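Below is one structure, written out as structure tokens; the observations come after it.
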Amino acid sequence: MHSKALVLFSGGQDSTTCLAFALERYPHVETIGFDYRQRHRVELERRESIRAALHRDFPRWHGRLGEDHLVRIDALADVSTTALTRDIEIVMDEKGLPNTFVPGRNLLFLTFAGAVAYRRGLKVIVGGMCETDFSGYPDCRDDTIKAMQLALNLGMDARFVVETPLMWLDKAATWRLAEELGGSALVDLVVEETHTCYLGERGARHDWGYGCGTCPACKLRAEGWRKYSIDKRSLQSK
Ligand code: ZN
């Protein structure tokens with residue numbers, strides 16, 4: 001049984017759910033986040049308050065949440081021209097990929113995560129990559145992650161296991177997983193504290209949380225919430 005995990009933790013809905021997943025399963029969990037000069041830093045700024053809330057409000061995970069590692073990868077912004085790193089509009093490219101795609105981002109994240117996990121003696125690397133996501137980001141696909149696990153294990157002579165608990169879930173199922181893991185307290189935490197909006201807006205509070213409500217990330221989160229809420233009501237009425 002693996003006992004120590006490192007969670008790729010950005011401060012968004014998905015990675016917060018992954019962090020709860022890891023806390024439920026592993027007695028020692030560390031987090032890693034990346035500062036790549038992303039346009040909106042609000043997601044990164046959420047990380048500390050989410051970690052604090054998990055520590056404060058979930059006694060059974062007490063003592064499990066270990067160190068946080070924030071890694072600066074300035075070079076990623078130097079080599080990319082996407083809507084997440086530059087002040088440009090979100091549009092689709094000729095391949096049907098949104099220009100929020102930062103080529104190589106998850107490959108780099110996993111490589112750095114592997115380096116930290118190696119140094120810290122952590123066997124499991126947990127990431128929120130999801131193939132059912134609207135965007136079709138190729139570096140979120142299951143095959144990519146499996147290839148990265150192999151590459152890390154060969155390149156570092158290690159036996160890492162890369163876990164992606166959200167890989168086959170849609171956003172409604174991700175909300176449901178949060179509820180299964182931490183009840184309504186965790187769902188509330190995800191609503192109140194996490195940030196997903198591509199435009200970095202935290203002004204308006206919707207029933208699914210904060211955000212502009214119109215960018216692709218907000219739409220996906222809102223649609224998932226709507227479906228999750230409907231399913232929940234129909235279960236309760238049975
Ligand atoms: Zn938004």
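Keep in mind the model is a prediction, meaning the values are calculated, not measured. As the structure lists them, so they are numbered: ligands from 1, and atoms in each ligand from 1. We number each residue from 1, following the sequence as shown.
Asp35 has its side chain out of reach of Val71: every pair of non-hydrogen atoms, C-beta onward, lies at least 4.5 Å apart. Looking only at side-chain heavy atoms (C-beta outward), His206 and Arg221 stay at 4.5 Å or farther from each other.
Screening the protein for N, O or S atoms under 2.8 Å from the Zn ion (ligand 1) yields 4; no waters enter the count.
The heavy-atom pair separating Glu193 from Ser49 by the smallest distance is OE1-OG, 3.3 Å.
Atom NE2 of His69 has more than 12 neighbouring heavy atoms from other residues, nucleotides or ligands inside a 6.0 Å radius.
With hydrogens and angles left out, the side-chain atoms of Ser15 and Ser10 include a donor and acceptor closer than 3.5 Å.
A centroid separation of 6.0 Å or more is found between the aromatic rings of Phe21 and Tyr26.
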